[in-house]
Structures are given as C-alpha cells and as structure tokens.
Amino acid sequence: MQTPYSLAGKRVWVAGHRGMVGSAIVRRLAGEDCQVLTVDREALDLTDQRAVLGWMHNHRPQAVFLAAARVGGILANSTHPVDFLRDNLLIETAILAGAESAGVEKLLFLGSSCIYPKFAQQPIREEALLTGPLEPTNEWYAIAKIAGIKLAHAYRQQYGCDFISAMPTNLYGPGDNFDPQASHVLPALIRKVHEAKVHGGPVAIWGTGTPRREFLYVDDCADACLFLMRNYSDALHVNVGSGSDIAIADLARLVMEVLGHDGEVLTDPSKPDGTPRKLMDNSRLAAMGWKPTVDLAEGIRRSYAAFLAGEGRNL
Ligand code: GFB
C-alpha cells in the first residue's frame with residue numbers, strides 16, 4: 001500500500017459518473033493529469049457482475065471511484081426497499097470483485113452517514129459502526145452500504161487490495177435530484193421555496209422540522225475523495241463532512257433567505273422525521289489536512305443557480 005498514491009498518467013474509472021457525486025468527481029479530475037474513464041448505463045449494467053468483469057478487463061482502470069449507487073431521500077428509501085438493498089449490493093459486489101480480478105491499484109468506495117446507529121453519540125465517530133440499531137427509514141440502503149464497506153475491507157484483508165471507504169454526510173449541489181417525492185431535503189426545499197416565490201403560498205416541510213442534519217457541498221466531497229485516494233490507505237472508513245449541523249426548520253428559513261423569499265413555513269408531522277440527529281466527527285480527515293471550502297449559504301446559492309439552469313426553468 002503506497003501513500004501518497006499518484007493519479008498522474010493513470011486510467012481512472014468514475015463508476016456512476018452521471019450521478020451527483022460521480023459528476024463532481026469527474027469535474028474535479030478534469031484538472032488532473034489522468035485519463036478519466038466513464039461508461040453509460042445503456043452500455044454497461046453495473047448490477048451485472050459478468051458484464052462488469054468483462055468491461056473492467058477490457059478497459060483496465062488503474063484507479064476506481066465507486067460512486068455508483070441507487071440513492072434517494074427518506075420517502076424513496078422507505079417505499080423502494082428492494083431497489084435500495086438489492087441494486088446497491090449487486091453494484092458494489094460486481095465492481096469490487098471486478099477491481100480485484102482486473103488488478104486495480106486503488107479503489108475508493110463511497111458509503112453514507114446513514115450506516116451509523118440511529119442513536120449514535122454525536123458527533124459520530126467512525127468506530128460507532130455496528131454499535132446499535134439503524135434508523136428504520138433507511139436501513140435497506142444502510143445495510144447495503146455497510147456490506148460494501150465490509151466487502152472492501154475483506155478484499156484488503158484477504159487479497160491485499162488497496163480498497164478504501166469514505167462516508168460522506170448528506171450531500172447536495174449541481175446534478176441533484178429535485179423530484180418532490182424522491183429527493184433529499186435540500187433539493188426539495190430549493191424547489192419548494194422557488195415554487196412559493198413564483199406562485200405564492202406557504203412552504204410545507206415534511207416531519208416536525210426538528211431533526212438536525214449536516215450538509216456538505218458535493219464539490220467539496222469530490223475534493224475529499226481525491227484527497228483520500230492520494231493520502232489514505234487503511235481498512236477503517238473515513239467520515240467526510242462539514243462539521244456543523246442545522247435543524248430542518250432553520251434550513252428552510254436559510255433557503256428562503258438565500259432565494260430571497262419571505263413567507264410561512266408549515267410542518268407535516270404525518271411525514272417521517274427519520275433519525276433525530278446525524279452529525280459526524282470529521283477529526284480523522286481534518287487531522288490528515290483536509291477541510292471543506294463551500295459554506296452552506298454559498299452552496300445553496302450555487303445549487304439554486306444549477307436548479308434554475310435545469311429543471312427550474314419549467315416550473
Ligand atoms: O434528506 P432526507 O430525505 O434524508 O430528509 P435523511 C432529511 C430530513 O428532512 C428528514 C426532512 O427529517 C425529513 O423529514 N424533510 C423536510 C424533507 N422536508 C422534506 C422534503 O420535502 N423532502 C425530504 N426528502 N425531506 C437520508 C437517507 O436520510 O440520508 C439516505 O434516506 C441517505 O439513505 C441520506 O443516507 C444521506 O437525512 O433522513
């Protein structure tokens with residue numbers, strides 16, 4: 001295991017390059033001296049282990065960012081459990097097995113902060129994994145991601161593969177999913193506040209508004225992924241967060257402030273709150289020398305610009 005690992009002159013596969021995180025990693029890699037490999041969904045089904053193995057043997061990536069996953073917000077997670085558990089297990093199994101077989105030098109697997117117990121001590125340290133029951137609204141996704149971390153670890157242990165895992169907190173930014181039912185809270189709020197600004201009416205948020213979440217701008221996450229790819233080589237997964245959290249009701253107010261809209265905020269306790277608080281301890285990554293650069297208000301401003309340039313045009 002060599003650190004720092006150099007990407008210079010390497011063939012680097014970003015699996016999941018159409019997704020929010022994958023596309024941010026591709027943007028970040030554009031400034032690096034490496035050859036970025038991508039493959040579209042129509043050309044390669046990432047849940048098909050045999051096809052993935054064939055593709056990896058043909059294209060011989062040397063480094064892999066495993067950002068491909070079935071993702072979604074609190075409602076999508078609870079209403080599509082098979083998709084979140086099965087698809088994610090298949091994708092990560094196919095790519096990790098392919099990476100070992102094709103001799104990939106280094107691989108970074110992306111998990112999620114929902115792998116931690118529902119009532120984990122805050123801020124959540126990496127060691128909290130598997131110390132308590134999960135949050136039921138996203139346990140399908142969490143179990144798939146925990147299996148991914150363990151599989152990466154197992155390949156490291158049994159075959160000596162340099163596979164590492166990063167656990168990002170709730171991410172947002174350009175390329176986000178703004179669908180009202182399937183999205184995470186931040187893109188949902190950008191859309192809802194935009195609609196209230198254009199058409200009038202209150203901003204209705206799900207749940208009680210009291211849960212607290214930590215948010216990280218996706219380009220910061222991509223930067224952290226490259227940092228870890230270069231500078232980290234160990235079995236333990238590493239938290240990637242911003243270091244501060246905010247209550248959902250306050251987040252709604254902040255989005256309103258950034259978008260320039262003042263009005264009523266309604267709560268909807270019939271919708272799930274999910275885990276009460278999810279703030280990660282980022283000290284391990286900070287001690288290595290990495291920190292985020294985009295604060296929440298600036299990140300919301302940039303996400304709103306991306307929203308207006310895309311979906312927001314038709315609303
Ligand atoms: O972002 P979110 O869907 O997922 O919801 P989680 C965060 C909080 O925002 C919950 C509230 O308390 C929601 O009830 N919320 C308020 C809303 N209004 C809305 C809205 O309009 N849309 C949405 N989506 N939420 C996810 C997991 O958990 O975290 C995923 O489901 C993943 O698996 C992700 O791990 C990072 O933060 O609760």
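Computed from a predicted model, the values in this text were never measured in an experiment. As the structure lists them, so they are numbered: ligands from 1, and atoms in each ligand from 1. Every heavy atom of this structure was used, including side-chain atoms; hydrogens, water molecules and symmetry mates were not.
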[Y] and [X] side chains, donor-acceptor separation under 3.5 Å:
X	Y	value
His194	Tyr304	yes
Asp273	Thr208	yes
Glu214	Thr169	yes
Asp220	Thr293	yes

Working for salt bridge (charged side-chain N to carboxylate O under 4.0 Å, His left out), residues Asp245 and Arg277: CA-CA 8 Å; Asp245 63 353; Arg277 193 175 183 204; 2.7 Å; yes

Shell of residues surrounding ligand 1, defined by a 4.0 angstrom heavy-atom cut-off that is strict: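 Gly72, Gly73, Ile74, Asn77, Ser112, Cys114, Asn138, Tyr141, Asn170, Ser183, His184, Val185, Ala188, Lys192, Ile205, Trp206, Pro211, Arg213, Ile248, Pro272, Asp273, Lys278.
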
Check: Phe109 ring centroid to Phe163 ring centroid under 6.0 Å: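 No, they do not, as the ring centres are separated by 6.0 Å or more.
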
